**Student:** 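Following this message is one structure expressed as structure tokens.
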Amino acid sequence: MAADTADRFVAPLLDWFDRHGRHDLPWQHPRTPYRVWLSEIMLQQTQVATVIPYFLRFVESFPTLPDLAAASTDQVMAHWAGLGYYARARNLHAAARRCVEQHGGDLPRDLDALLALPGIGRSTAGAILSQAWGDPFPILDGNVKRVFARWHGIHGWPGTPAVEKQMWGLANQHVRHVPAGRLADYTQAQMDFGATQCTRAAPACLTCPLADGCVALREGLVDALPTPRPGKTLPEREAIALLLEDAGGRLLLQRRPPTGIWASLWTLPQDETESGLRTWFEREVDGDLDAAEALPTIVHTFSHYRLHLQPLRLRKVAPRARVGDNEAQRWVSRAELASLGLPAPIRKLLDSL
DNA sequence: AATGCGGGGCG
DNA sequence: CGCCCAGCATT
């Protein structure tokens, strides 16, 4: 990366931090390795405002790392109760005891030694090294990933190994351009910037100090980046719908139950299997189902599954007497369709006829 | 109701 | 490696 590219990121970010960053967080005064570590573990999956009172109670009861190591599991868990992700507290306690046994009662100032402690990964280790000692190690948390995706115009979900690897490379490039003595501020600046300026839903691009050089802003992709997590592969379901028309061109619609999919909407007679649909058809309708015309399959995605709906069209059906209008079923003219609540894909299908 | 979130642990 | 998980806040 060219030096000017990095400067256009690091320098304005540090300048922004001096004016708008958070300088009065409890773990910044004093900014000891133990307090930085504790805050970073608490800040995993948890926002600053939630963490602060827990942090204060924690350091009140366990002012130093050996104090924490000497505490009982029950004491530690009691101080964590309400924060969630209780494995964090278990790892914290175990790591504290190991630091007493192996590192003289304090956190090691060494990347690999930190990574060997339970609950500390690469990003948390970088946060500790940079904030506690001013060592030039980057972080890569959710905030940084979001800012990188936008500023560098990186496509692809940041959770994929390829994107994450690319972002660690960028993080390492940027951190080399941070002036000595400003590593702690740089780390805090990135977290503050992502949390208050380059937010997920409503980034303040109009006042952004990094607008110059932001690829997403230039290309109109701020809302599209970072690429969202790919939807878990949805279960696929199939169903057959019957599009029945009488001699007058009216359509047979059924009302859905008040709960579940398409609750209380009007839809075509539908079943998961052809045999099930045939059973209903032969009981209710006078006609030849095998004469039905297969229309193009409709693919509709719900929140929890994808439906492949095969419409079968059968015209000039003569309904048996019992297939008349009632609360759950009625023959509907084209003119009436507009006034009924229909699922979007069904309405689209009917409008296309 | 869905989404995001660092790291651990699994197969 | 890819995948799932944990608990809460936010949207």
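Note that the structure is predicted; figures quoted are calculated from it, not measured. Proteins get letters first, then strands, A, B, ... in listed order; numbering begins at 1 in each. Reckoned from all heavy atoms, side chains included, excluding hydrogens, waters and symmetry mates.
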**Student:** Could you verify whether a donor N or O on one side chain and an acceptor N or O on the other, from A:E284 and A:Q329, lie under 3.5 Å apart?
**Tutor:** no
**Student:** Over how many whole Å does the gap from A:W157 atom CH2 to B:dT3 atom C1' extend?
**Tutor:** 12 Å
**Student:** Among residues at least two apart in sequence or on other chains, which ones pass ring pair (Phe, Tyr, Trp, His ring centres under 6.0 Å) with A:F17?
**Tutor:** A:H23
**Student:** Checking side-chain polar atoms at under 3.5 Å, does A:S333 have a donor or acceptor matched by the opposite partner on A:E336?
**Tutor:** yes
**Student:** Pairs in or reaching into residues 128-148 of chain A: which pass salt bridge (Lys or Arg N to Asp or Glu O under 4.0 Å), with residues at least two apart or in two chains?
**Tutor:** A:R109-A:D135, A:K145-A:E164
**Student:** If I take atom CZ in residue A:R229 and atom C1' in nucleotide B:dA1, what distance separates them, rounded to the nearest angstrom?
**Tutor:** 16 Å
**Student:** Not counting sequence neighbours, which residues clear salt bridge (charged side-chain N to carboxylate O under 4.0 Å, His left out) with A:E219? List them please.
**Tutor:** none
**Student:** Give me the distances for all protein-to-nucleotides 7-11 of chain B N/O pairs that come in under 3.5 Å?
**Tutor:**
unit_1 : atom_1 : unit_2 : atom_2 : d
B:dG7  : OP1    : A:G121 : N      : 3.0
B:dG7  : OP1    : A:G121 : O      : 3.4
B:dG7  : OP1    : A:T124 : N      : 2.8
B:dG7  : OP1    : A:T124 : OG1    : 2.5
B:dG8  : OP1    : A:G119 : N      : 2.5
B:dG8  : OP1    : A:I120 : N      : 3.4

**Student:** Whole-Å distance between C:dC8 C1' and A:I41 CD1?
**Tutor:** 17 Å
**Student:** Return the value, rounded to whole Å, for the distance between atom CG of A:N143 and atom P of B:dG4.
**Tutor:** 14 Å
**Student:** Please compare A:A87 and A:P161 by the position of their nearest nucleotide in DNA chain C and report the one closer to 5'.
**Tutor:** A:P161
**Student:** Please give, in whole Å, the distance from C:dG2 P to A:E164 CD?
**Tutor:** 11 Å
**Student:** Would you kindly give the NZ-to-P distance between A:K145 and B:dG6, to the nearest whole Å?
**Tutor:** 7 Å
**Student:** Could you tell me how far apart A:R88 (CZ) and C:dG7 (P) are, to the nearest whole angstrom?
**Tutor:** 9 Å
**Student:** What distance, rounded to whole Å, do you find between the two C1' atoms, one in B:dG8 and one in C:dA9?
**Tutor:** 22 Å
**Student:** Testing the 3.5 Å rule here: is there a donor-acceptor pair between the side chains of A:R22 and A:T196?
**Tutor:** no
**Student:** Return yes when atom CD of A:Q102 has more than 12 non-hydrogen atoms of other residues, nucleotides or ligands closer than 6.0 Å, and no otherwise.
**Tutor:** yes
**Student:** Would you tabulate the pairs of protein nitrogen or oxygen atoms and nucleotide nitrogen or oxygen atoms of nucleotides 9-11 of chain C closer than 3.5 angstrom?
**Tutor:**
unit_1 : atom_1 : unit_2 : atom_2 : d
C:dT10 : OP1    : A:Q47  : OE1    : 3.4

**Student:** Does a side chain donor of either A:Q44 or A:T124 reach within less than 3.5 Å of an acceptor in the other side chain?
**Tutor:** yes
**Student:** What residues form a salt bridge (charged side-chain N to carboxylate O under 4.0 Å, His left out) with A:D18, not counting sequence neighbours?
**Tutor:** A:R182
**Student:** What is the separation between atom NZ on A:K165 and atom P on C:dG2, rounded to the nearest whole Å?
**Tutor:** 12 Å
